[in-house]
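The structure appears right after this line, and notes come after that.
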Amino acid sequence: MLYPIATQTRQLVDLSGVWQFKLADQQWQPMAVPGSFNDQLILSEYKNYVGDFFYQTEFFVTEAMLNQRVFVRFGSVTHYAAVFVNEQYIGEHQGGFTPFEFEVTEFVTLGRNVLRVNANNILNNSTLPVGNYSETVDENGNVRKKLDENFDFFNYAGIHRPVMLWCKPKNYIEDITITYELQDNQATVNFAIEVVGEAKQIKVTVLDEQSQVVATSIGGAKQQVEIDNVIRWQPLNAYLYQAVVELVDGDVVEDSYSEPFGMRTVEVKNNQFLINGEPFYFKGYGRHEDTYLNGRGLSNVANVLDVNLMKWQGANSFRTSHYPYSEEMMRLADREGFVVIDETTAVGLMYNFGVDMKVDPANNTWKIYKTGEAHRQVIRELIQRDKNYACVVMWSIANEASTAEEGAYEYFEPLFKLARELDPQNRPCCFVNLLLATPETDVVAPLTDVICLNRYCGWYRQLSDLDAAKKALKEEVEHWHRLYPDKPIMFTEYGADTVAGLHDMDFNTPFTEEYQVEYYKANNEVIDQLPYFVGEQVWNFADFQTKYGIFRVQGNKKGLFTRARMPKMAAHYFKQRWDNIPNFNYKK
Ligand code: BDP
């Protein structure tokens, strides 16, 4: 799916601003779009509201627009949206983290039009993420809706990403898929172009970063060009070409779209993760789209700041834990050279989450949950959206699913197959393993290309006993390696909750800044000795909001930075460490 941009043939109108908003049975009130509604409403009953809510705005259509096709495009609405233009139903979308668009040409009129979104933030055991949803009736007959997140982040909702009016020509470019083969600095690049309507001819022009033409071709839906002297996309040293695709009829350009793309190779071989043929070492984070004021709504300011903080720290990568991030962030990562593990919304796939976390055959996750369709949908939508980004080096099919339970392999096998079939660039695929799924009990690891571990040795286990933590970690990782000697292993999460400003002379005191540093030092001491351990992504980049819980102090406090992006001691520790770890060939 193409990112919305204006071109010589396409007009783009950004509908961001203050819309009208109401919760069911309430009055209309102002609400900023994009943004989560929750933190704009202050009081707990609104902030924690569960159910239907409505957004409305107006837009204006000009004569020129009526000569084209008019679309409304949403970057994301969390989690469900039904869209109406002038009170007529246009379409709907389930899934809170991927874009969707509808053609509204037949529904708009010259001048003022009204756009309404009927939305809903309910999650249950057939949605992703998974939520525990219940309804009770109180003594006055009122239905009380309750949603208990089956995951550790706040269920922010609303119109989270930009809404655009996008006008395209009658015949237009619907999609562009770019693949390539690289031989040293020579590339054969393939373009697959999907057109709606008719195309006399399609012209492809490839520009380098100086806007110099490096290749052209003209023809049909599938085209190929050769590019010499290729400058590769490299971690933290990105190089992006532009593919300008045009529908032409003689001298007339009917449609034009420009897609940036970098070229690099990715391969997993001999327990190493190779980018452009060299063993890459992941330094970075699991993150969240989470900020004060905006909640989970797009904040370009926070994204740019975060990218600069990551560079300051010497990081080179992040995982889009636990859902597809905004297209704006993906484009930023692609431009700035951050290596991305791109994750679906599959989080909370564990029936016993948060209770006693025990595998219980009487309550088998894979028998109770009905998430298969949602899972296939998000894999399709994520790959469709992000397939051309050089920054994406691996797809994460799920985070911390119950992969030690019977039925897990049967659930995941077709999903890995689907992702591998859909990805035109054949990137590696992984799932992120939770600490209960040990080498002895996990059944899904045979499907993964990289063993991605979320481990909390020294926090949820072996608290304040770092010698025991080191021993346990080493034993477990070595065990994984014995079972899967060819698969690289990395941390996709490790961390300790830390309240910024809390200090102690005793470095073993949990929640202090001192302990967070000691925790990381101990873990890093172990992984530094293991040649097949190819990366460290800390949990988390910054503190973030969660549901209420006795283990959470106004949210999860495992950030290296506070929610306001101020560094804790561990942020300085990692800067020093990562400044001295090269992107390539760290492990010999
Ligand atoms: C893991 C989850 C992550 C949590 C983290 C934690 O993947 O979402 O926030 O642990 O407990 O279980 O901090």
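Atoms within a ligand are numbered from 1 in the order they appear, just like the ligands themselves.
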I need the contact type for [X] against ligand 1. Using non-hydrogen atoms and a strict under-4.0 Å cut-off, is it side chain, backbone, both or neither?
| X | value |
| --- | --- |
| Y460 | side chain |
| H288 | neither |
| F153 | neither |
| F544 | side chain |
| N399 | side chain |
| N454 | side chain |
| V347 | neither |

Review point. Can you tell me if R552 has a non-hydrogen atom under 4.0 Å from ligand 1?
Key: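 R552: in contact with ligand 1 (<4.0 Å).
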Review point. Among D342, D423, D386, whose side chain to side chain donor-acceptor pair (under 3.5 Å) with W395 holds?
Key: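 With W395 as partner, side chain to side chain donor-acceptor pair (under 3.5 Å) holds for just one option, D423.
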Review point. With respect to D543, which candidate in K558, K568, Q554 satisfies the side chain to side chain donor-acceptor pair (under 3.5 Å) definition?
Key: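 Passing option: K568.
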Practice item. Kindly identify the option in K558, E493, H322 whose heavy atom sits closest to atom 10 (O) of ligand 1. Key: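 Among K558, E493, H322, the closest heavy atom to atom 10 (O) of ligand 1 comes from E493.
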Report yes or no: is the cationic atom of [X] (NZ for Lys, CZ for Arg) closer than 6.0 Å to the six-membered ring centre of [Y], at no more than 45° off its axis?
| X | Y | answer |
| --- | --- | --- |
| R319 | Y285 | no |
| K47 | F154 | yes |
| R455 | Y494 | no |

Point to revise | Ligand-side contact atoms (ligand 1) for residue partner N556, heavy atom cut-off under 4.0 Å | key: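 Per the distance check, 6 (C), 9 (O), 13 (O).
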Point to revise | Interfacing atoms of ligand 1 (cut-off 4.0 Å, heavy-atom, E400) | key: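 The atoms of ligand 1 under 4.0 Å from a heavy atom of E400 are 1 (C), 2 (C), 7 (O), 12 (O).
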Review point. Can you find a heavy atom in the side chain of V77 that is under 4.5 Å from one in the side chain of H160?
Key: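 Contact flag for V77/H160 side chains = no.
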Point to revise | Test: D449 and R420 ion pair at under 4.0 Å | key: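 A salt bridge links D449 with R420.
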Review point. Can K471 and E475 be counted as an ion pair, charged N to O under 4.0 angstrom?
Key: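 Result for this pair is yes, salt bridge flagged.
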